[in-house]
Amino acid sequence: MSDLKARFEQAAQQVQQLPKRPDNDALLKLYALYKQGTLGDVTGSRPGILDMQGRMKYDSWAKLKGTSNEQAMNDYIALVDQLKSAVK
């Protein structure tokens with residue numbers, strides 16, 4: 001697990017250094033996978049209709065309910081690798 005966590009943290013740093021900002025769908029997926037990998041299933045209530053960004057983040061994270069932390073970390077790493085190769 002420690003190797004996975006190290007690769008996950010490295011991927012989190014690499015995503016900050018991408019030369020091109022990912023599209024909104026990729027950003028939401030990154031957010032949700034990161035939260036699922038670090039905190040587990042979403043908690044709290046869904047943001048109100050006036051907080052569209054918060055609502056979209058919440059919904060994206062909620063879709064991953066039941067996904068293990070390890071699986072979310074692996075999916076996050078794979079997505080970051082995909083984004084890195086797309087900008088080359």
Next item on the list: First locate atom CD1 of Ile77, then atom CG of Leu4, and finally report the distance between them rounded to the nearest 0.5 Å.
Entry: 5.0 Å

Item checked: Pairing residues for Gln10 by the side chain to side chain donor-acceptor pair (under 3.5 Å) criterion, not counting sequence neighbours -> none

Notebook entry, point to check: So, for Arg55 and Ile49, which heavy atoms are closest and what is the spacing to 0.1 Å?
Noted result: NH1-N, 3.3 Å

Item checked: Worked verdict on Glu70 versus Asn74 for side-chain hydrogen bond (donor to acceptor under 3.5 Å, both in side chains) -> CA-CA 6 Å; Glu70 293 83 10; Asn74 279 318; over 6 Å; no

Notebook entry, point to check: How many angstroms lie between atom OH of Tyr58 and atom NZ of Lys63, to the nearest 0.5 angstrom?
Noted result: 13.5 Å

Notebook entry, point to check: At what distance, to the nearest 0.5 angstrom, does NZ of Lys35 lie from CG of Leu30?
Noted result: 13.5 Å

Checklist line | Sequence neighbours excluded, every pair satisfying side-chain hydrogen bond (donor to acceptor under 3.5 Å, both in side chains) that has a member inside residues 39-48 | finding: Gln36-Asp41, Arg46-Asp59

Next item on the list: Check ring pair (Phe, Tyr, Trp, His ring centres under 6.0 Å) between Phe8 and all other residues, then give those that pass, not counting sequence neighbours.
Entry: Tyr34, Tyr76

Check: Do you know which two heavy atoms are closest between Gly37 and Ala72, and how far apart they sit?
Finding: N-CB, 3.6 Å

Note to self: Is the shortest side-chain heavy-atom distance between Leu18 and Gln14 below 4.5 Å?
What the structure shows: no

Check: Just how far is it from atom CG of Asp23 to atom NZ of Lys29, taken to the nearest 0.5 Å?
Finding: 12.0 Å

Next item on the list: Any chance you could measure Lys84, atom NZ, to Leu79, atom CG, to the nearest 0.5 Å?
Entry: 11.5 Å

Item checked: Qualifying residue, where the test is side chain to side chain contact (heavy atoms under 4.5 Å, CB included) with Leu33 and the options are Thr38, Leu64, Leu28, Val80 -> Leu64

Item checked: Gap between atom CG of Asp75 and atom CD of Gln82 - 0.5 Å precision -> 11.0 Å

Next item on the list: Specify the closest pair of heavy atoms between Leu83 and Pro22, including all atoms of both residues, with the distance to one decimal.
Entry: CD1-CG, 4.1 Å

